[in-house]
Amino acid sequence: MELWTTEQHKDMALGFRTTKTLYHAQSPYQAVDIVETTRYGRLLLLDGAVMTTDKDEFVYHEMISHVPMLAHPNPKRVLVIGGGDGGTVRELVKHPSVEQVVLCEIDGLVVDSCKEFFPQIAAELNHPKVEVIIGDGVAYMANDAKGFDLIIIDSTDPIGPGEGLFTEEFYRNTYNALNEDGMMVAQTESPFVCQDLIRTIYPMYERIFPIVRMYTGHIPTYPSGFWTWAFCSRKYDYPLPEAHLDRVREIEKTCKYYNAELHAASFVLPNFVKDLLKQPISIQ
Ligand code: SAM
């Protein structure tokens, strides 16, 4: 009998032929499952939603990290909310300018299970520059976070524990936790599947940050395969300044998806996405 793992997302489903179940646990926040699939290797699901896989994790983790890190002239302190699989942290510590990465992940089971079953993704969670806090990112942002150059919201979908990471109060706290030239990046789901979220959250970002842009990437194991991130900045914008290109060339050599040309191209949006953001189709 063939075994399949299927993610049901709203009125869609995505299936993965599965050879075995490696891990299952119920934390106070969510079900944590890790399975072995024939096409994407090991796959992490939280409450049945695909979070990351061996074979395509590099797209998401490179794009959520290097686009803002290389847009900033000298990022030293970075905060990651969520990100318990460690992939974003692994990419961040590649940058020589980094002095400290704080990871605030609500579920310790995610960290522990990813260290065990995704050693190449969780590789740098024990890095000397990395501080892992097991706690709610909403509370951390409200009470403790300050003096960051970059804040990355590497969260689950806006349901369950992730819901509080999509509110205006949370993002106003995020703005205040940034240095005056800081920036925030958040994963903002798919423009094919989550139009309502995109229609509401980008105007909210624009009420808080002076510079708000969307960039995109292709992640085959996420609903629709077309993903977005919000680039919200207190000072620096895109495209990449010439002065940063040496750093970019060093980082892109270590990447399987990110490069300088793709950095710029990822901010170019299809018409239907411009419509969602109420942007003019043609650039005046
Ligand atoms: N790359 C994935 C994606 O785009 O769906 C997300 C990666 S990571 C696994 C998402 C993490 O956010 C989960 O480990 C989850 O436990 C964590 N999380 C959800 N709500 C949180 C909260 N309020 N504070 C901190 N971490 C939270």
Side-chain angles (χ1 to χ4, degrees), residues 7-10 12 27-31 44-52 60-61 63-65 67-68 78-85 87-88 102-107 110 133-145 148 150-178 182-217 219 222-224 226-234 269 273 276-278:
E7 177 187 349
Q8 293 180 5
H9 187 93
K10 299 180 187 225
M12 295 169 52
S27 81
Y29 305 99
Q30 55 211 344
L44 169 68
L45 303 108
L46 297 180
D47 277 348
V50 172
M51 289 293 122
T52 199
Y60 177 91
H61 293 127
M63 289 304 280
I64 204 170
S65 305
V67 169
V78 186
L79 170 62
V80 179
I81 301 295
D85 52 70
T88 299
V102 176
L103 177 87
C104 181
E105 160 61 58
I106 200 167
D107 195 340
V110 173
I133 296 168
I134 301 302
D136 185 345
V138 177
Y140 182 80
M141 199 69 80
N143 306 322
D144 305 292
F148 288 101
L150 170 60
I151 295 176
I152 295 178
I153 314 302
D154 181 6
S155 70
T156 41
D157 305 340
I159 46 176
E163 202 167 353
L165 304 177
F166 290 80
T167 67
E168 185 146 357
E169 180 188 6
F170 174 75
Y171 284 107
R172 290 198 180 281
N173 289 336
T174 301
Y175 180 92
N176 294 329
L178 288 167
M183 53 182 69
M184 185 276 292
V185 163
Q187 70 93 0
T188 51
E189 309 278 336
S190 165
F192 281 110
V193 182
C194 297
Q195 293 94 347
D196 292 344
L197 173 83
I198 289 172
R199 278 197 194 97
T200 50
I201 206 160
Y202 277 82
M204 186 232 323
Y205 290 146
E206 285 163 359
R207 290 195 293 273
I208 302 169
F209 289 88
I211 297 164
V212 176
R213 296 193 182 279
M214 176 193 274
Y215 63 101
T216 68
I219 305 176
Y222 284 181
S224 85
F226 186 43
W227 215 248
T228 66
W229 293 270
F231 176 96
C232 301
S233 181
R234 294 186 57 166
L269 301 176
V273 178
L276 277 178
L277 299 173
K278 294 193 175 28

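Small disclaimer: the values here were computed from a predicted structure and weren't measured. Nothing fancy with the numbering, it's 1 onward along the sequence. Only heavy atoms go into these numbers, but all of them, side chains included; no hydrogens, no water, no symmetry mates.
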Run Cys232 and Met183 through side-chain contact (heavy atoms from CB on, under 4.5 Å) and show every step you take.
CA-CA 6 Å; Cys232 301; Met183 53 182 69; over 6 Å; no

Please walk me through it: do Tyr60 and Thr52 pass side-chain contact (heavy atoms from CB on, under 4.5 Å)?
CA-CA 9 Å; Tyr60 177 91; Thr52 199; over 6 Å; no

side-chain contact (heavy atoms from CB on, under 4.5 Å) between Ile134 and Ile106: does it pass, once the steps are laid out?
CA-CA 5 Å; Ile134 301 302; Ile106 200 167; over 6 Å; no

Test log, rule side-chain hydrogen bond (donor to acceptor under 3.5 Å, both in side chains), inputs Glu189 and Trp227:
CA-CA 6 Å; Glu189 309 278 336; Trp227 215 248; 5.8 Å; no

Given the rule in the side-chain contact (heavy atoms from CB on, under 4.5 Å) test, do Ile211 and Arg234 qualify, once you have shown the distances and angles that lead to the verdict?
CA-CA 6 Å; Ile211 297 164; Arg234 294 186 57 166; over 6 Å; no

Could you go through Tyr29 and Asp47, starting from their C-alpha distance and side-chain angles, then the distance that decides it, and tell me whether this counts as side-chain hydrogen bond (donor to acceptor under 3.5 Å, both in side chains)?
CA-CA 9 Å; Tyr29 305 99; Asp47 277 348; over 6 Å; no

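At least one side-chain heavy atom of Leu197 sits less than 4.5 Å from a side-chain heavy atom of Phe166. In this structure, the side chains of Ile208 and Glu168 come closer than 4.5 Å at one or more pairs of heavy atoms. Two residues are said to be in side-chain contact when any heavy atoms from C-beta on lie closer than 4.5 Å; Val138 and Leu165 meet this criterion. Counting only heavy atoms from C-beta outward, the side chains of Ile198 and Leu277 approach each other to under 4.5 Å. You'll find the side chain of Ile151 reaches within 4.5 Å of the side chain of Leu178, heavy atoms only. Taking the side chain as every heavy atom from C-beta outward, Phe226 and Val193 never approach each other to under 4.5 Å. Between Lys10 and Cys194 the shortest side-chain heavy-atom distance falls below 4.5 Å. The shortest distance between side-chain heavy atoms of Pro191 and Thr228 falls below 4.5 Å.
Annotation: Glu206, atom CD; neighbour count of heavy atoms from other residues, nucleotides and ligands within 6.0 Å is above 12. Residue Glu169 places its CD atom among 12 or fewer non-hydrogen atoms of other residues, nucleotides or ligands, all under 6.0 Å distant.
Heavy-atom minimum distance, Ala145 versus Leu79: CB-CD2, 4.0 Å. Here the closest non-hydrogen pair linking Thr88 and Ile152 is CG2-CD1, 3.9 Å. Nearest heavy-atom pair across Gly162 and Thr156 is CA-OG1, 3.8 Å. Scanning all heavy atoms of the two residues, the minimum distance from Gly83 to Glu105 falls at N-OE1, 3.9 Å. The two residues Tyr171 and Ala186 have their closest heavy-atom pair at OH-CB, 3.8 Å. Taking both residues in full, the closest heavy atoms of Glu7 and Pro223 are given as OE2-CG, 4.0 Å, listed atom of the first, atom of the second, then distance.
Between Ile64 atom CD1 and Gln187 atom CD the span is 6.5 Å, to the nearest 0.5 Å. Distance CE/Met141 to OG1/Thr174: 3.5 Å, rounded to 0.5 Å. To the nearest 0.5 Å, the span separating OG1 on Thr216 from CG on Leu269 amounts to 6.5 Å. Of the inter-residue distances, the one linking Leu276 atom CG with Phe192 atom CZ reads 10.0 Å to the nearest 0.5 angstrom.
Asp157 places no side-chain N or O within 3.5 Å of a backbone atom of Ile159 that could act as its donor or acceptor partner. Checked by atom type and distance alone, the side chain of Tyr215 pairs as donor or acceptor with a backbone atom of Met63 at under 3.5 Å.
Screening Tyr175, Phe209, Phe148 for a side chain to side chain contact (heavy atoms under 4.5 Å, CB included) with Met184, the sole residue that qualifies is Phe209. Under the side-chain hydrogen bond (donor to acceptor under 3.5 Å, both in side chains) rule, Thr188 has a single partner from Trp229, Tyr205, Tyr202, which is Tyr202.
Side chain to side chain, Gln30 and Asp107 meet the donor-acceptor criterion of an N or O pair below 3.5 Å. Asp154 and His61 share no side-chain donor-acceptor pair at under 3.5 Å.
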